[in-house]
2 protein chains.
Amino acid sequence: MSPMWVSTKAQYGMRALIEIGLAGDRATSLKTVATREGLSHQYLEQIFAVLRRAGIVDSVRGARGGYRLARTPDRITALEVVELLEGSVAPVSCVEDEDTCDRVGVCGTEGLWRDVDRAVRDVLGTRTLADLIAERDLLHLEPAPDLQHLGA
Amino acid sequence: MSPMWVSTKAQYGMRALIEIGLAGDRATSLKTVATREGLSHQYLEQIFAVLRRAGIVDSVRGARGGYRLARTPDRITALEVVELLEGSVAPVSCVEDEDTCDRVGVCGTEGLWRDVDRAVRDVLGTRTLADLIAERDLLHLEPAPDLQHLGA
DNA sequence: GTTTGACCGAGTGGTTCACTCGGGTTACCA
DNA sequence: TGGTAACCCGAGTGAACCACTCGGTCAAAC
């Protein structure tokens, strides 16, 4: 796999949340998400444990259970999700925690990394799950069966 | 160490290049860079082997040897250095290589990662080593001994 | 009372990271 | 001409991390 700095945890988490969001109020099971997105069911469980504890999704236990968004999708930013599942989005450690480097204030690259961090946080912070769901809708995959007759 | 996605290789490489750049035409040894920046000499050798092969620095062998910039610092972007030492700066693999994911054109997060990638490349691509050297100069550390008398 | 599906902790194989080690080879310099 | 400073190179290594899996418990629907 070619290198990347956003882990599959955050990637899968985002994709799964879009899927969950598409269902609206109805709970969606991870099994459904897993097959629809081609992901590991058990790995998703791990991810959703974190999302639930963070108050991003609510769970419904038992048969016909699953997950739904705990908030409206416009109140969930990509930044929140990625930071939660990734731990951090900072390019270098000193951007977040100044104690990890003894050369703070002496390092010529400080401004550079700080600008990169700012740019990333800006993109992720201004994009909400609602935006992603809308984009996903534009791809209009698998149109709902009951809408099929409207076409052609 | 707190998490980060720019490796020490790229970080150290940038810092070392600033140090090399400050010396202008004169070759600077890695030993000097290592002590000045508090880095491992042997690790720097590994990094500079890559920088040299990429045509970013020239080497001077033998005693009193070292490295100097192969181009003027305004022709070396942070992006070039980071991509070289990091391999890639893409947040997820599909941004660079579409074959790594079978869901290209079907994935709701595609645009998001593409925007993040664009933002990062924009920041790194518009910053040259000359800029970083100038910033570093503003911190005016260790003023040259022969300029000392000009102060106070 | 069986099926569905959320919940939980532990384990694991592979890879990457951040180096180090131990040697060359080249050139200055006395 | 010999010593020393420096670049050059490949291999190794311990720790951490990633992307999962396994095996099981608990809760609600049918």
Side-chain angles (χ1 to χ4, degrees), chain A residues 1-13 15-16 19-20 23 26-54 56-68 70 82 85-88 91-93 100-101, chain B residues 1-13 15-16 20 23 26-35 37-54 56-68 70 82 85-88 91-93 100-101:
Chain A
M1 208 181 294
S2 88
M4 53 184 171
W5 55 268
V6 171
S7 68
T8 56
K9 232 169 181 164
Q11 286 180 64
Y12 297 172
R15 281 166 59 184
E19 211 71 51
I20 298 285
R26 294 201 326 203
T28 310
S29 75
L30 291 189
K31 193 185 164 197
T32 307
V33 175
T35 55
R36 280 222 265 256
E37 291 283 330
L39 302 173
S40 152
H41 170 219
Q42 303 200 112
Y43 195 24
L44 279 178
E45 284 193 334
Q46 217 175 96
I47 293 167
F48 271 77
V50 178
L51 292 173
R52 186 179 55 84
R53 285 183 208 120
I56 290 172
V57 293
D58 283 333
S59 64
V60 182
R61 302 187 65 158
R64 306 220 79 212
Y67 292 92
R68 67 168 87 91
V82 174
L85 296 173
E86 202 70 11
S88 164
V92 300
S93 55
T100 57
C101 183
Chain B
M1 211 182 293
S2 90
M4 52 185 173
W5 55 269
V6 171
S7 69
T8 56
K9 232 170 182 162
Q11 285 180 65
Y12 297 172
R15 281 165 61 185
I20 298 285
R26 295 203 325 205
T28 310
S29 75
L30 291 188
K31 194 185 164 197
T32 306
V33 174
T35 56
E37 290 284 329
L39 302 173
S40 152
H41 170 220
Q42 303 200 113
Y43 195 24
L44 278 178
E45 283 193 333
Q46 214 174 98
I47 293 167
F48 271 76
V50 178
L51 292 174
R52 185 178 56 84
R53 284 183 208 118
I56 291 173
V57 292
D58 283 333
S59 65
V60 181
R61 300 186 66 159
R64 306 218 77 212
Y67 292 92
R68 67 168 87 91
V82 174
L85 296 173
E86 202 70 13
S88 162
V92 301
S93 54
T100 58
C101 183

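Protein chains get the first letters and strands the later ones, always in sequence-line order, with residue 1 at the start of each.
Atom CD in Q46(A) sits about 12 Å away from atom P in dC18(D), given to the nearest Å. Residue D58(A) contributes atom CG, which lies 18 Å from atom P of dG5(C) at whole-angstrom precision. K9(A) has its NZ atom 11 Å from the P atom of dC20(D), to the nearest Å. Taking atom CD on Q42(A) and atom P on dC22(D), their separation rounds to 7 Å, with Å as the unit. Distance, L30(B) CG to dT20(C) P: 14 Å, rounded to whole Å. Straight-line distance from the CZ atom of R68(B) to the C1' atom of dC7(D): 13 Å, rounded to whole Å. Taking atom CZ on R64(A) and atom C1' on dT2(C), their separation rounds to 17 Å, with Å as the unit. Look at NE2 on H41(A): it is 8 Å from P on dG5(C), rounded to the nearest Å.
Contact record, H41(A) with L30(A): CD2-CB, 3.7 Å, taken as the closest heavy-atom pair. Across every non-hydrogen atom of R52(B) and S59(B), the tightest pair is CD-OG, 3.4 Å. Between R68(B) and A27(B), the shortest heavy-atom contact is CB-CA, 4.4 Å.
Taking side-chain N and O atoms only, T8(A) has a distance below 4.0 Å to OP1 or OP2 of dA19(D). In this model, the phosphate group of dG24(C) is not approached by any side-chain N or O of R61(B) to a distance below 4.0 Å at OP1 or OP2. At dC9(D), one or more side-chain N or O atoms of R52(B) fall inside 4.0 Å of OP1 or OP2 (strictly under the cut-off). A close approach under 4.0 Å does occur between a side-chain nitrogen or oxygen of S59(B) and OP1 or OP2 of dC8(D). Remark: Y12(B) is not in phosphate contact with dC17(C), judged by side-chain N or O atoms under 4.0 Å from OP1 or OP2. In this structure, S29(B) does not reach the dC7(D) phosphate: none of its side-chain N or O atoms is under 4.0 Å from OP1 or OP2. Phosphate contact (OP1/OP2 of dC22(D), side-chain N/O of Y43(A), threshold under 4.0 Å): absent.
Of the candidate nucleotides dT4(C), dG5(C), dC7(C), dG5(C) has the atom lying nearest to any side-chain atom of K31(A). Of the candidates dT20(C), dC8(C), dA29(D), dC8(C) carries the atom nearest the R53(A) side chain, counting heavy atoms from C-beta on.
Taking OG of S7(B) as the reference point, atom CH2 of W5(A) lies at 14.0 Å (rounded to 0.5 Å).
Residue F48(A) is classed as having no contact, given no heavy-atom separation below 4.0 Å to the nucleic acid.
Nearest-nucleotide assignment on DNA chain D puts the 5′-proximal partner with T28(B), out of V6(A) and T28(B).
Ring-plane geometry between Y67(B) and F48(B) is classed as tilted, the angle between the planes lying from 30 to 60 degrees on a 0 to 90 degree scale.
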